[in-house]
Amino acid sequence: MLFALYAILLLGGMYLVGASFASPVLPGLIFIAGVLCISAAVAVPVMTQHRDAGYHRRE
């Protein structure tokens, strides 16, 4: 399930970055949205690994 979210965010972000160069309306906004999607795709496995390792627990 998490892999599907990662793949959708990564591929969607790559599509948005590529589509921003051909867009006649607000290409900068589309580019920023693509970069944010790619950043979120990278953050998903990092945050999941951090959560699964138990680093946030104080005992």
Side-chain angles (χ1 to χ4, degrees):
M1 177 65 186
L2 204 55
F3 179 75
L5 176 65
Y6 172 75
I8 289 169
L9 283 172
L10 183 66
L11 295 175
M14 293 171 86
Y15 175 78
L16 285 173
V17 168
S20 70
F21 292 106
S23 176
V25 179
L26 297 173
L29 186 63
I30 296 172
F31 182 82
I32 296 294
V35 169
L36 289 175
C37 283
I38 293 171
S39 299
V42 171
V44 166
V46 170
M47 294 305 293
T48 304
Q49 181 182 12
H50 181 68
R51 183 188 62 185
D52 290 342
Y55 293 125
H56 66 284
R57 295 185 189 142
R58 290 186 179 184
E59 295 184 38

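The shown structure was predicted, so the numbers you read here are calculated from the model rather than taken from an experiment.
- The SG atom of Cys37 lies 11.5 Å from the CD1 atom of Ile32; values are rounded to the nearest 0.5 Å.
- Closest approach of Val42 to Tyr6, counting heavy atoms only: N-CE1, 4.4 Å.
- Linking ILVMFWY residues whenever their side-chain heavy atoms come closer than 4.5 Å, directly or via other members, places Val35 and Leu11 in the same cluster.
- Here Leu16 is tied into one hydrophobic group with Ile30, each link being a pair of ILVMFWY side chains closer than 4.5 Å.
- The hydrophobic cluster containing Leu26, built from Ile/Leu/Val/Met/Phe/Trp/Tyr side-chain heavy atoms closer than 4.5 Å, also comprises Val25, Leu29.
- Judged as a side chain to side chain contact (heavy atoms under 4.5 Å, CB included), and not counting sequence neighbours, the contacts of Leu5 are Leu2, Leu9, Val44.
- Summarising the geometry of Ser23 relative to Pro27, their closest heavy-atom pair is O-CB, 3.8 Å, with the distance given to 0.1 Å.
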